[in-house]
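As structure tokens, the structure follows; a few thoughts come after it.
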Amino acid sequence: MARRRLGTYLHAKRALLERELDRILPPMEGRTEKVQSAMRYGVLNGGKRLRPILTLAVAEIFGVDERQALVSGCAIELVHCASLILDDLPSMDDAQLRRGRKACHREFDESTAILASFGLLNRAFQVLQELKGKGVSQKAIRELTLLLTAAIGTDGLIGGQIIDLESEKSMDYATLEFIHSHKTIALFLASAEFGCVLGRAGGRDRAAILQYAKPLGLAFQIQDDLLDALSTPEKIGKDVNRDVEKTTFVSFCGIEGARQLNRELIQSSIASLAPFGKRGAILEDIGRFSLSRRS
Ligand code: GRG
């Protein structure tokens, strides 16, 4: 029942998000067509859209107008896609495949991929300003902007990535946790907090949502590591077996240890939803989905 409910929910929300992302991205035309095509290539390529779905689902709990949540979630997704393009570059992860297709720098070239990533970041912040015309207060827009800049900065994606790049294959657990709390969890937290800001959630509700999103983000990363170790490029649409070169949660805890840790994280995540009763049902389903996802 829960699986079917989430399946229907994800299907409907993804369709809305794809349409909105298509609207937000620049068209493939004019003298700058190449970089605009690379921006579209880096986004409209079958991502799961889990981060903006988190924004939508949290926003629903607080009765937010869906158009506001859609635009805000798309800003998050643009940042996520920009980070994937950069992460795949030869000077970073040197990945070949992303979402089942050639990585952006392989489909285009490295300089175009870098510019496309910056184009997406820029568009993300521009899009947040569109919220003004959708009834969101200036104060809330400022708060969303600050949250997003923090999630990208040295306390977020950039901080996690630099420590990841600097680290040797063998690292201690604290470093592994630091990397992923910045590279993965930061954007999960921002996605969930976006819904709270739009819904003017009170302090206690906001704390509960963040307590839900934090272990969810970590569990999502651990599942990513499990898929990297156990799946194939055909199934997950990206390169696998990175743990041969890197420390991952799987190389640290083993397959069963990582699965167990994941189950515990999702249990704690779901427990944080108690104050919302039935209103938290979709977030609960998303938690369970993150344990069973196969891509
Ligand atoms: C300046 C934006 C910016 C970033 C600079 C490159 C970088 C710093 C950070 C990399 C962050 C990164 C790519 C983390 C990986 C997180 C992760 C688990 C990605 C996979 O997410 P999914 O499975 O992917 O949700 P889809 O394709 O479904 O969207």
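Whatever order the structure lists ligands and atoms in, that order sets their numbers, starting from 1. What you see is a predicted model; the values in this text were computed from it and never measured.
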Practice problem: Mark yes or no for whether Ser290, through its side chain, and Gly287, through its backbone, hold a donor-acceptor pair below 3.5 Å. | Solution: yes

Exercise. Answer yes or no: is there a donor N or O on one side and an acceptor on the other, between the side chain of Asp155 and the main chain of Ala150, under 3.5 Å?
Key: no

Quiz item: Are there more than 12 heavy atoms of other residues, nucleotides or ligands under 6.0 Å from atom CD of Glu166?
Solution: yes

[atom]: the protein heavy-atom neighbour that sits closest, reported with distance to 0.1 Å:
{"atom": "atom 9 (C) of ligand 1", "answer": "Gln161 OE1, 3.6 Å"}
{"atom": "atom 16 (C) of ligand 1", "answer": "Thr184 OG1, 3.5 Å"}
{"atom": "atom 21 (O) of ligand 1", "answer": "Arg51 NH2, 3.1 Å"}
{"atom": "atom 3 (C) of ligand 1", "answer": "Leu86 CD1, 3.8 Å"}
{"atom": "atom 27 (O) of ligand 1", "answer": "Arg99 NE, 2.7 Å"}

Proximity of [X] to ligand 1 by residue part, where a heavy atom lies under 4.0 Å:
{"X": "Gln221", "value": "side chain"}
{"X": "Asp87", "value": "both"}
{"X": "Lys183", "value": "both"}

Quiz item: Between Arg98 and ligand 1, does any nitrogen or oxygen pair lie at a separation below 3.5 Å?
Solution: no

Quiz item: What do you reckon, does Lys48 have a nitrogen or oxygen under 3.5 Å from a nitrogen or oxygen of ligand 1?
Solution: yes

Quiz item: Within a strict 4.5 Å, meaning less than it, do heavy atoms of the Ile53 and Arg14 side chains meet?
Solution: yes

Exercise. Give the ring-plane orientation class for Phe188 versus Phe220, where under 30° counts as parallel, over 60° as perpendicular and anything between as tilted.
Key: tilted

Quiz item: Would you call the rings of Phe62 and Phe276 parallel, tilted or perpendicular if under 30° counts as parallel and over 60° as perpendicular?
Solution: perpendicular

Practice problem: Have a look at Asp224 and tell me which of Lys48, Arg293, Arg294 forms a salt bridge (Lys or Arg N to Asp or Glu O under 4.0 Å) with it. | Solution: Arg293

Quiz item: side chain to side chain contact (heavy atoms under 4.5 Å, CB included) with Gln211: which residues, sequence neighbours excluded?
Solution: Ser272

Quiz item: With a 4.0 Å cut-off on heavy atoms, is Leu157 touching ligand 1?
Solution: yes

